[in-house]
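Input: a single structure, listed below in structure tokens.
Residues: numbered from 1 along the sequence shown.
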Amino acid sequence: METPKEIFLKDYKKPDYYFHTVDLTFSLGEEHTIVSSSITVYQRIEGNSSAPPSLVLDGVDLKLVSIKVDGKQLQKEDYHLDARHLTISSPPSTARFSLEIVTEIQPQKNTSLEGLYKSSGNFVTHCEAEGFRKITYYQDRPDIMAKYTCRVEGDKALYPVLLSNGNLVEEGNLEGGKHYAVWEDPHKKPCYLFALVAGQLQSRDDSFVTRSGRNVSLKIWTTAQDLPKTAHAMNSLKAAMKWDEDVFGLEYDLDLFNIVVVADFNMGAMENKSLNIFNSVLVLASPETASDAEYARIQGVIAHEYFHNWTGNRVTCRDWFQLTLKEGLTVFRDQEFSSDMGSRSVKRIEDVSFLRNNQFPEDAGPMAHPVRPHSYIKMDNFYTSTVYRKGAQVVRMYKTLLGSEGFRRGMDLYFKRHDGQAVTCEDFYAAMRDANDADFANLLHWYSQAGTPTMNVTSFYNSEAKTYSLKFSQQVPPTPGQAVKEPMLIPVAVGLLDSNGKDMPLTSVYRDGMLQVVSTDGQPAYTTVLKITKKEEEFDFSEISERPVPSLLRGYSAPVRLTSDLTDTDLFFLLAYDSDEFNRWEAGQVLSRKLMLSLAADFQQNKPLALNADFVHGFRSMLTDGSLDKEFIAKAINLPGVGEITEMMDIADPDAVHAVRSFIMKHLASELKAEFLKTVENNRSSDPYIFNHSNVSRRALKNTALSYLATLEDSQITELALNEYKTATNMTDQFAALTALVQHPSKTRDDVLADFYGKWEHDYLVVNKWFGLQAISDIPGNVENVRKLLKHPAFDLRNPNKVRSLVGGFCGSPVNFHAKDGSGYKFLGEIVLQLDKLNPQGASRMVSALSRWRRYDETRQAHAKAQLEMILSTNGLSENVFEIASKSLAA
């Protein structure tokens with residue numbers, strides 16, 4: 001096969017032509033759809049005396065019907081057509097001209113779910129990143145911003161609802177049982193934000209009055225039977241609209257906001273201007289069918305896509321390398337929103353856990369790339385944890401450095417300068433800097449350098465001078481294509497605890513012999529932000545009356561790996577007393593990680609495993625501390641995952657870590673059985689389901705305790721879990737009990753899985769949970785069960801949600817995916833090739849599970865490498881899969 005072409009940020013050039021207006025007409029048909037576009041084109045450089053440059057349009061899987069320039073039909077010799085482009089070599093030399101193109105497409109056969117396709121009988125579009133080129137020939141790049149009108153024509157009986165971006169300006173009936181609707185979007189947008197939906201849908205209607213008194217009509221469209229499951233999404237949307245006004249002063253700018261629910265969708269959701277399209281899993285919820293975690297995720301993603309209206313739509317990306325400009329920023333905004341809706345410290349713990357389990361491995365593997373990548377073969381492969389989650393941490397660092405008011409000033413200036421523009425990460429940086437007259441020069445390294453920085457901290461107390469020193473050193477590891485790194489700007493939020501566990505007042509700190517005042521308005525601070533900008537730096541606190549215990553990186557103020565000279569005694573002290581709840585949790589996690597690594601080494605040497613009594617005591621005191629938030633306790637007693645610990649090993653050994661984690665959980669369950677049973681008993685409730693913090697916290701703690709007890713393989717506990725399963729009044733409790741019951745092979749396991757499926761077989765989203773639970777199971781030889789489930793009548797390889805549940809779930813099983821005999825890798829290799837023919841984007845996401853193969857022992861390496869080589873040797877491989885597999889193999 002021809003090697004796909006790599007695209008580089010350094011090669012970015014402004015377009016030779018811009019588009020002013022775009023008028024689209026879709027004639028929807030059962031065999032094919034006709035798309036007519038009428039575009040006003042103008043040259044970027046007016047009055048260009050030389051011959052005008054060629055106009056190159058992108059197009060894939062299109063049949064060209066006709067093309068006109070200024071009303072004149074072009075002949076075949078007037079343009080060049082290949083599999084990816086339509087090139088007009090001699091466009092008019094006038095400043096402006098019109099371009100009319102008619103194409104024919106077949107949405108019914110489009111399994112890639114990009115461009116226009118059919119899902120459950122409805123027409124749906126998905127254009128980000130480069131799907132618009134599957135609809136018509138166009139300059140498919142985000143810096144081409146134009147005003148759109150869209151006329152949709154279709155069979156009125158089959159497609160009674162016709163939707164597109166903006167405002168509905170006209171609708172009516174046509175001959176032959178057809179009808180039409182014309183939509184006009186008053187705001188300029190790039191083509192990736194274009195959307196169209198046509199089908200048999202019903203809407204939940206509501207409204208929102210903006211702070212300036214405008215009434216916005218809100219509609220969530222789905223099938224009739226799913227309409228009752230949209231109430232939570234609508235409440236989430238209204239909460240997000242209010243929050244964005246209150247926190248950022250941002251008001252919605254049209255009179256209508258539509259959300260459409262789709263069963264087949266590659267991503268979570270899409271922020272198309274005024275017509276958001278959502279994967280059904282991120283809208284539909286009822287207490288009986290969705291868990292607390294899913295309710296929270298729906299709330300966060302509904303907000304995320306709404307927030308894009310300003311951070312992504314009104315101000316968009318100049319090019320796809322700048323993706324974090326909209327995604328990192330909007331993830332930060334949705335994280336802040338969710339923090340304000342629930343517990344800020346618990347939300348922070350969740351976000352950092354996700355970062356460590358997903359982004360850290362990416363940053364340490366062959367696909368490592370900066371928050372703003374330098375190059376790509378297929379842009380779809382760069383919708384990554386690095387761009388989104390690490391990007392959000394970079395935005396958070398601006399807020400940490402500038403404070404809430406300074407950050408808001410920067411945001412206000414950003415919108416004032418760039419509303420209606422396609423811009424870069426430097427533009428955002430400049431707005432933050434200029435609005436605050438701030439100096440944070442090497443913050444920009446976060447955009448250009450891959451890899452997770454490691455920061456080491458050592459401390460020294462001088463009892464005579466009453467000074468306390470913290471010495472920092474930082475190192476950014478080499479990554480593919482980036483061997484040498486510059487020091488980063490790392491904001492470190494620090495507090496000091498006295499011997500009673502109280503925060504010590506901080507008035508000033510010396511850095512490089514310069515005194516920096518840290519008190520505000522004469523009041524001492526209890527947390528201060530130290531700016532680390534060099535490879536090594538020292539900070540000295542004065543007037544420190546006793547040796548303190550430092551609370552470092554409070555709130556996780558930078559996405560780094562932290563090592564320090566804190567002793568286990570210090571960590572137990574922080575676990576008990578730190579006023580920063582995130583760092584209380586973190587102290588427990590550091591202790592757990594150290595313990596698990598130590599026990600894994602013992603396991604590998606066939607030494608007996610034993611648990612430190614202090615560790616059990618720490619868990620007991622946390623579990624029984626009535627003053628703590630229950631959801632926080634649930635997080636604090638949750639051990640680090642197998643993946644997080646294997647990442648810290650020189651040679652990843654998932655079997656050893658799994659054995660150790662199972663041993664610790666079982667030992668804690670045995671030692672703390674009475675406390676866990678009491679926790680389950682005290683946190684039951686038969687009250688109707690309510691999604692709020694106190695109820696979510698109660699359920700989280702109860703179900704975490706149940707998961708520990710379930711490790712005991714005790715008939716009393718099995719009866720308890722069965723009772724919880726049978727009497728549950730909501731999916732959160734029922735699924736937690738089911739999870740507890742299926743940990744070990746048994747008749748009970750088989751019976752309860754069959755019962756759950758029988759109960760929910762008509763709800764495809766619940767069935768996906770059932771697939772996922774079996775896929776991730778640690779039961780030995782589970783790959784055969786997963787193979788059988790591929791043939792289950794409820795499974796469909798064309799549906800991304802089902803693939804994510806079953807295949808993605810299996811890849812998350814450390815025991816079976818990384819089975820020493822290579823059976824897990826072989827299974828994935830086979831699936832990737834099947835999936836690549838249907839949906840290359842989905843296939844590339846799956847193959848990335850093999851990207852870290854060099855982290856494992858030689859036997860596993862050989863098996864994984866063989867699968868990557870087999871995939872790469874396949875004819876007709878997509879660019880998506882080629883990019884991931886080739887980079888994985890080359891690393």
In plain terms, say whether E294 and K769 are close enough for a salt bridge, that is, a side-chain N and a carboxylate O under 4.0 Å apart. yes
Is it true that D427 and R318 make a salt bridge, defined as a side-chain N closer than 4.0 Å to a carboxylate O? no
Can you tell whether the side chains of E128 and K326 come within less than 4.0 Å, N to carboxylate O? yes
Does H374 have its ring centroid less than 6.0 Å away from the ring centroid of F8? no
Does R356 reach the side chain of S353, with side-chain heavy atoms less than 4.5 Å apart? no
S404 to K399 - nearest heavy-atom pair and separation: OG-CE, 3.3 Å
Whether the S551 and D580 side chains hold a donor-acceptor pair (N or O, under 3.5 Å, no angle test) is what I'd like checked. no
Classify the ring geometry of W243 against F337: parallel below 30°, tilted from 30° to 60°, perpendicular beyond 60°. perpendicular
Polar contact flag, side-chain donor to acceptor under 3.5 angstrom, N276-E271: no
Which word best sums up how the rings of Y376 and F382 line up, parallel for under 30°, tilted for 30 to 60°, or perpendicular for over 60°? tilted
So, D412 and K416, do they make that salt bridge, N to O below 4.0 Å? no
Show, in sequence, the C-alpha distance, side-chain angles and deciding distance for F257 and Y306, and conclude whether the ring-ring contact (aromatic ring centres under 6.0 Å, His included) test is met. CA-CA 9 Å; F257 189 87; Y306 172 74; 5.7 Å; yes
Under-4.0 Å salt bridge between D363 and K390: yes
Centroid-centroid distance, W320 to Y192, less than 6.0 Å: yes
Between R699 and D292, is there a side-chain N and carboxylate O pair less than 4.0 Å apart? yes
Evaluate whether atom CG of N692 has more than 12 neighbouring non-hydrogen atoms of other residues, nucleotides or ligands under 6.0 angstrom away. yes
So CG of N279 and CG of N266: to nearest 0.5 Å the spacing works out to 9.5 Å
Please determine, by modelled atom types, if R593 and Q589 share a side-chain donor-acceptor pair under 3.5 angstrom. no
Decide if atom CD of Q475 counts as having more than 12 heavy atoms of other residues, nucleotides or ligands within a radius under 6.0 Å. no
In terms of heavy-atom contacts, does NZ of K485 have more than 12 from other residues, nucleotides or ligands at under 6.0 Å? yes
Does the ring center of F132 lie less than 6.0 Å from the ring center of F194? yes
Where N272 and N313 come nearest, the two heavy atoms and their spacing: C-ND2, 4.3 Å
Using the six-membered ring wherever Trp is involved, compare the ring planes of H232 and F691 and label them parallel, tilted or perpendicular (cut-offs 30° and 60°). perpendicular
Got a salt bridge between R396 and E336, using NZ or NE/NH1/NH2 to carboxylate O under 4.0 Å? yes
Return yes if a side-chain donor-acceptor contact under 3.5 Å exists between Y447 and T324, otherwise no. no
For the pair D434 and R417, find out whether any cationic side-chain nitrogen is under 4.0 Å from an anionic carboxylate oxygen. yes
Residue among R372, R433, Q322 satisfying side chain to side chain donor-acceptor pair (under 3.5 Å) with E426: R372
Nearest atoms (heavy-atom pairs only) where A450 meets V476: O-CG1, 3.6 Å
P453 side chain near I490 side chain, heavy-atom distance below 4.5 Å: yes
At what distance, to the nearest 0.5 angstrom, does CE of M397 lie from OG of S557? 9.0 Å
Rounded to the nearest 0.5 Å, the CZ atom of F208 sits from the CG atom of L218 at a distance of 8.5 Å
Derivation and outcome, side chain to side chain contact (heavy atoms under 4.5 Å, CB included), residues M270 and F265: CA-CA 10 Å; M270 181 60 211; F265 206 65; 3.8 Å; yes
Non-hydrogen atoms of S844 and N381 that approach each other most closely: OG-OD1, 2.8 Å
For S338, all residues meeting side chain to side chain donor-acceptor pair (under 3.5 Å), sequence neighbours excluded: none
Hydrogens and angles aside, do Q359 and S385 bring a side-chain donor and acceptor to less than 3.5 Å of each other? no
D253 and K273: CA distance, side-chain angles, deciding distance, salt bridge (Lys or Arg N to Asp or Glu O under 4.0 Å) verdict: CA-CA 10 Å; D253 52 3; K273 184 73 181 185; 2.7 Å; yes
Do the charged groups of D629 and R344 touch, with an N to O distance under 4.0 Å? no
I'd like to know whether D578 forms a side chain to side chain contact (heavy atoms under 4.5 Å, CB included) with R554, so could you lay out the CA-CA distance, the side-chain angles of the two residues, the decisive distance to 0.1 Å, and finally the verdict. CA-CA 10 Å; D578 201 333; R554 281 187 159 177; 2.9 Å; yes
Step by step, would you call W585 with F632 a side chain to side chain contact (heavy atoms under 4.5 Å, CB included)? CA-CA 8 Å; W585 171 80; F632 175 77; 3.8 Å; yes
Step by step, would you call F321 with Y12 a ring-ring contact (aromatic ring centres under 6.0 Å, His included)? CA-CA 10 Å; F321 296 102; Y12 171 82; 8.7 Å; no
Are the charged groups of E631 and K347 less than 4.0 angstrom apart, N to O? no
Go through N442 and T533 one step at a time and tell me if the side-chain hydrogen bond (donor to acceptor under 3.5 Å, both in side chains) criterion holds. CA-CA 7 Å; N442 51 352; T533 58; 5.1 Å; no
Would you please indicate yes or no on a ring centroid separation below 6.0 angstrom for Y398 and F407? no
Geometric class of the Y429/F440 ring pair [parallel <30°, tilted 30-60°, perpendicular >60°]: perpendicular
Side chains of T311 and T330: is there a donor and an acceptor less than 3.5 Å apart? yes
Give, for atom CZ of F582 and atom NZ of K635, the distance between the pair rounded to the nearest 0.5 Å. 12.0 Å
Please determine, by modelled atom types, if R409 and N436 share a side-chain donor-acceptor pair under 3.5 angstrom. yes
